[in-house]
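Here the structure is a predicted model, which is why all the values come from computation and not from measurement. For reference, positions follow the sequence shown, starting with 1.
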Amino acid sequence: MSLRDHHIKSEYRSLIDNVVQDFYLPLLHEANLYKRAVGFFSSSSLVEISKGIGDMAKNGGKIEIIASPYLSDDDINAIKTGYENRNKIIEQALLRQLSDDHTDYYSMERLNLLANLIADNVMDIRIAYTDNHRELGMYHEKMGIIEDHDGNHVAFSGSMNESMTAMAINYETIDVFCDWKGEEADRVKLKENAFYSMWNNFEPSLQVLEFPKISEAMIDKYRRKEPDFDIDNEQFYRRMSGYISAFSKSRQRADDKPVGARIPEDVTLHDYQKEAISVWVGENYRGIFDMATGTGKTYTGLGAISKLSEDLDDELAVIIVAPYQHLVEQWVEDIEKFNMNPIVAYGNPAHKDWRKKLSKAVLDQKIRRDKRFFCMVCTNATFTDKYLQEQIGKIKTPILLVVDEAHNFGARTYAKLLDDRFTYRLALSATLDRHRDEEGTALLYNFFGKKCIEYTLERAIDEDKLTPYKYYPVLVYLSDIELESYEELSYEMSKCLIKGKDGKYKLNKRGEILALKRSRVVAGAIQKLDALREAILPYKDDHNILVYCGATRIVDESDDAPDDESDIRQIEAVTKILGNELGMSVARFTSDENIEQRALIKEHFQKGDDLQAIVAIKCLDEGVNIPGIRTAFILASTTNPKEYIQRRGRVLRKAPNKPFAEIYDFVTLPRPLDSVSGLTIEQANRDKTLVKNELARIKEFGRLAMNSMVANNLIWEIEEAYHLDDTETEQEVSDYE
């Protein structure tokens with residue numbers, strides 16, 4: 001085959017096309033000469049350039065690279081004050097870019113390949129910089145020429161850098177020209193002439209020099225063994241007929257059953273799931289799947305596991321971590337479909353022997369070819385277990401760590417366990433950013449890497465992956481006693497502000513405790529019960545209803561008994577209203593119910609026959625899948641976007657005969673809006689913390705609702721009453737959930 005035999009587009013856009021697999025791999029497979037002018041010189045950019053050159057090098061091809069040094073301000077100033085030392089300073093700058101950070105299998109294999117090619121004079125690197133009257137600048141042209149054995153040429157140029165960020169994350173393009181297409185031949189010739197002029201240092205005001213010490217340093221630093229010319233085949237798949245997509249399933253012979261994870265025959269991933277995995281592969285199997293609840297995070301994660309397992313010939317240990325026991329069980333159901341028999345590790349008596357199974361798997365992996373792959377799934381709590389951590393340290397194969405609801409791992413308890421033992425990493429979360437914890441959020445991004453996909457709830461609704469919804473904010477107000485308690489707690493919290501390292505004020509430990517108490521006052525507002533009676537009455541004969549309560553107590557103000565005796569749990573009061581007063585068939589869904597009871601409740605609820613409603617605490621925050629929910633009454637108040645976005649997403653899961661969902665959100669304000677005009681400025685300002693927090697949630701829920709004007713009208717009423725505008729409705733630092 002030659003370059004002419006391939007379908008070559010005139011333009012490739014990095015978020016539409018898989019540039020590596022659709023352009024570089026098939027064309028370089030036919031090449032015998034590859035000329036490339038890139039941006040900055042670095043080991044990371046060289047790893048990306050290497051994709052596709054293994055085959056051409058094996059077949060006797062040659063590679064010529066022109067790159068620019070990354071010069072710091074100190075470098076440039078040093079060159080200006082001592083021009084005769086410029087090459088030495090440039091050399092040192094280049095050496096700094098030969099990173100020690102590459103630890104993953106494919107990066108190290110590729111750097112070893114490049115070092116061998118340099119040593120064998122197959123690849124040559126020259127360094128370019130502009131030199132105009134002793135003013136040094138960066139050479140930053142991006143272009144390339146691919147030539148095959150028949151003398152056909154493909155030239156390309158554009159904004160794309162040789163980094164995975166450019167190839168997969170940023171929206172960049174390359175333009176492509178083929179010299180056998182008459183109208184493009186001149187463009188190809190211009191690119192060839194330009195490269196020839198630069199390579200031979202004929203270009204005016206441009207210095208292109210060889211730096212032998214850089215080549216020597218690369219050989220010393222990265223050459224470990226004989227080169228693996230088939231590295232592209234291993235990572236991206238190749239068949240005799242040519243390259244195929246990484247997601248075309250590699251089917252095994254009946255007598256060659258795979259040891260590790262594989263995508264089952266009856267599972268077809270959506271294009272956005274495939275694209276997410278493709279980007280993750282390109283990021284050297286590290287990254288984040290930021291996907292709205294209900295859009296297939298789990299299957300996308302299992303597809304990624306399958307891809308890596310196959311790429312590594314099943315020499316892999318997979319550790320999957322989920323926050324709660326019921327989530328672990330949900331994972332187990334899906335894991336088993338993907339050709340894995342997981343070790344299940346948490347405190348259930350049914351899994352009490354997990355330590356024995358884990359140690360055996362670690363040992364078997366070392367001595368048995370058919371046991372070189374294993375998978376373990378555990379809870380967050382079990383992941384911190386000392387024995388488990390010791391066993392992880394004994395694993396000899398590469399380890400893939402998959403963390404579900406990964407925002408939890410920004411907490412110190414878990415963050416300290418995130419280290420270099422885990423060569424490959426995958427974080428799954430609908431809301432990775434931690435609420436008011438910039439440090440924890442930054443730690444997660446630093447460990448797991450970039451977002452490989454950001455599949456928003458808005459996109460999921462538009463693409464029919466989640467059901468549309470109607471949103472009804474239900475206004476309730478704090479009683480006199482509740483308002484007095486709220487204001488007292490707010491006053492005490494104002495004494496607990498401390499200035500953080502970033503200059504922002506935060507609550508100390510006592511302040512956080514007070515904030516939690518204050519949030520419970522709002523969550524347990526007594527008016528919510530009467531409002532629920534009125535709102536749910538039209539639905540008392542319906543099914544598939546969820547009433548979501550706060551983990552709080554309410555105070556019966558008509559009772560003269562002491563506070564601790566008059567307090568009742570909100571969930572108990574709600575269950576009484578639905579079951580006793582309205583005669584509805586109701587089940588509670590809390591941590592008091594075990595896994596078996598929960599499964600039975602979900603089964604009856606889905607059938608929609610003898611169980612009308614579930615009254616729950618926390619289940620929407622813990623990842624419970626109840627797709628059948630059609631109407632949700634959310635009494636639990638929260639100012640944490642992570643929580644209310646997740647709650648909404650779980651209500652919107654697709655289910656038969658569910659054209660849309662309905663969400664009733666009980667919005668709590670300090671006092672009726674018609675009384676606000678009579679407040680002093682000081683009194684109104686004290687109200688605003690709660691008002692702004694509730695407004696933020698109304699705006700988020702309302703913006704995507706089918707009936708968004710309902711929310712918009714309420715927003716305008718509240719903002720007018722308190723004389724607020726959009727810039728004032730950001731959440732306050734003093735409110736915690």
Query raised in the report: Are there more than 12 heavy atoms of other residues, nucleotides or ligands under 6.0 Å from atom CD of Q389?
Result: yes
Query - Pairing residues for H149 by the ring-ring contact (aromatic ring centres under 6.0 Å, His included) criterion, not counting sequence neighbours - result: none
Query raised in the report: How many angstroms lie between NZ in K450 and OH in Y445, if you round to the nearest 0.5 Å?
Result: 12.0 Å
Report task. Please examine the side chains of V259 and K371, heavy atoms only from C-beta on, and report whether any two atoms are closer than 4.5 Å. Result -> no
Query - Contacts of type side-chain hydrogen bond (donor to acceptor under 3.5 Å, both in side chains), residue D148, not counting sequence neighbours - result: N152
Query raised in the report: Can a donor-acceptor pair be found between the side chains of E30 and S2 at a distance below 3.5 Å?
Result: no
Query raised in the report: Which pairs with one or both residues in residues 177-187 pass side chain to side chain donor-acceptor pair (under 3.5 Å), sequence neighbours excluded?
Result: H153-D179
Query raised in the report: For F229, what residues pass the ring-ring contact (aromatic ring centres under 6.0 Å, His included) criterion, not counting sequence neighbours?
Result: none
Query - Result of checking I320, L316, I319 against L400 for side chain to side chain contact (heavy atoms under 4.5 Å, CB included) - result: L316
Query raised in the report: Counting N and O atoms only, with roles assigned by atom type, does the side chain of N59 sit under 3.5 Å from a partner on the main chain of D55, one being a donor and the other an acceptor?
Result: yes
Query - Which residues share a ring-ring contact (aromatic ring centres under 6.0 Å, His included) with F422, sequence neighbours left out - result: none
Requested in this report: Take F195 and E64 through the side-chain contact (heavy atoms from CB on, under 4.5 Å) test and state the conclusion after the steps.
Outcome: CA-CA 10 Å; F195 191 91; E64 297 174 351; 3.5 Å; yes
**Report entry** Flag for Y285-D311: side-chain donor and acceptor within less than 3.5 Å
**Finding:** yes
Query raised in the report: Is R286 positioned over the aromatic face of W280, cation under 6.0 angstrom from the ring centre and no more than 45 degrees off axis?
Result: no
Query raised in the report: For E463, what residues pass the salt bridge (Lys or Arg N to Asp or Glu O under 4.0 Å) criterion, not counting sequence neighbours?
Result: R459
Report summary line: For D150, the salt bridge (Lys or Arg N to Asp or Glu O under 4.0 Å) test, sequence neighbours excluded, returns none
Query - Residues N284 and S107: side-chain donor-acceptor under 3.5 angstrom - result: yes
Query - Option passing side chain to side chain contact (heavy atoms under 4.5 Å, CB included) with I214 (candidates I125, I90, L95) - result: L95
Query raised in the report: Who pairs with S197 by side-chain hydrogen bond (donor to acceptor under 3.5 Å, both in side chains), at least two apart in sequence or on another chain?
Result: E203
Query raised in the report: Would you say the side chains of N116 and N112 form a donor-acceptor pair under 3.5 Å?
Result: yes
Report summary line: Hits for ring-ring contact (aromatic ring centres under 6.0 Å, His included) against Y414, two or more places apart or cross-chain, chain-then-number order -> F409
Requested in this report: Evaluate the side chain to side chain donor-acceptor pair (under 3.5 Å) criterion for residues E405 and S429: first the C-alpha distance (whole Å), next the side-chain angles of each, then the deciding distance (0.1 Å), finally the verdict.
Outcome: CA-CA 5 Å; E405 305 295 351; S429 183; 4.6 Å; no
Query raised in the report: Do any N or O atoms from the side chain of Y34 and from the backbone of A31 form a donor-acceptor pair under 3.5 angstrom?
Result: no
Query raised in the report: Do the side-chain N and O atoms of S309 and D314 include a donor-acceptor pair separated by under 3.5 angstrom?
Result: yes
Query raised in the report: So, does E109 use its side chain to make a donor-acceptor pair with the main chain of I231 at under 3.5 Å?
Result: no
Name every donor-acceptor pair, under 3.5 Å, that has one atom in a side chain of residues 297-304 and the other anywhere in the protein, sequence neighbours excluded.
| unit_1 | atom_1 | unit_2 | atom_2 | d |
| --- | --- | --- | --- | --- |
| Y299 | OH | K337 | NZ | 3.3 |
| T300 | OG1 | Q273 | NE2 | 3.1 |
| T300 | OG1 | G296 | O | 2.6 |

Report task. Please confirm whether the backbone N or O of W199 pairs with a side-chain atom of R126, one donor and one acceptor, at under 3.5 Å? Result -> yes
Query raised in the report: If you measure from the Lys or Arg side-chain nitrogens to the Asp or Glu carboxylate oxygens, is any gap between D313 and R372 under 4.0 Å?
Result: yes
Query raised in the report: With R421, which residues qualify under salt bridge (Lys or Arg N to Asp or Glu O under 4.0 Å), at least two apart?
Result: D419
Query - R425 charged N/C atom sitting above F447 aromatic ring, 6.0 Å / 45° - result: yes
**Report entry** Sidechain-backbone polar pair: N339 side chain, G260 backbone, donor-acceptor under 3.5 Å
**Finding:** yes
Report task. Output the distance between atom CG (L113) and atom NZ (K225), rounded to the nearest 0.5 Å. Result -> 11.0 Å
Report task. Kindly determine whether E147 and N32 satisfy side-chain contact (heavy atoms from CB on, under 4.5 Å), including the steps that lead there. Result -> CA-CA 6 Å; E147 179 181 341; N32 70 330; 4.0 Å; yes
Query raised in the report: Hey, do the aromatic rings of F289 and Y455 have their centres closer than 6.0 Å?
Result: no
Report summary line: With sequence neighbours left out, the residues meeting salt bridge (Lys or Arg N to Asp or Glu O under 4.0 Å) with K416 are none
**Report entry** Close side-chain approach of K221 and M218, heavy atoms under 4.5 Å
**Finding:** no
**Report entry** Backbone N/O of R110 and side chain of K51: donor-acceptor pair under 3.5 Å
**Finding:** no
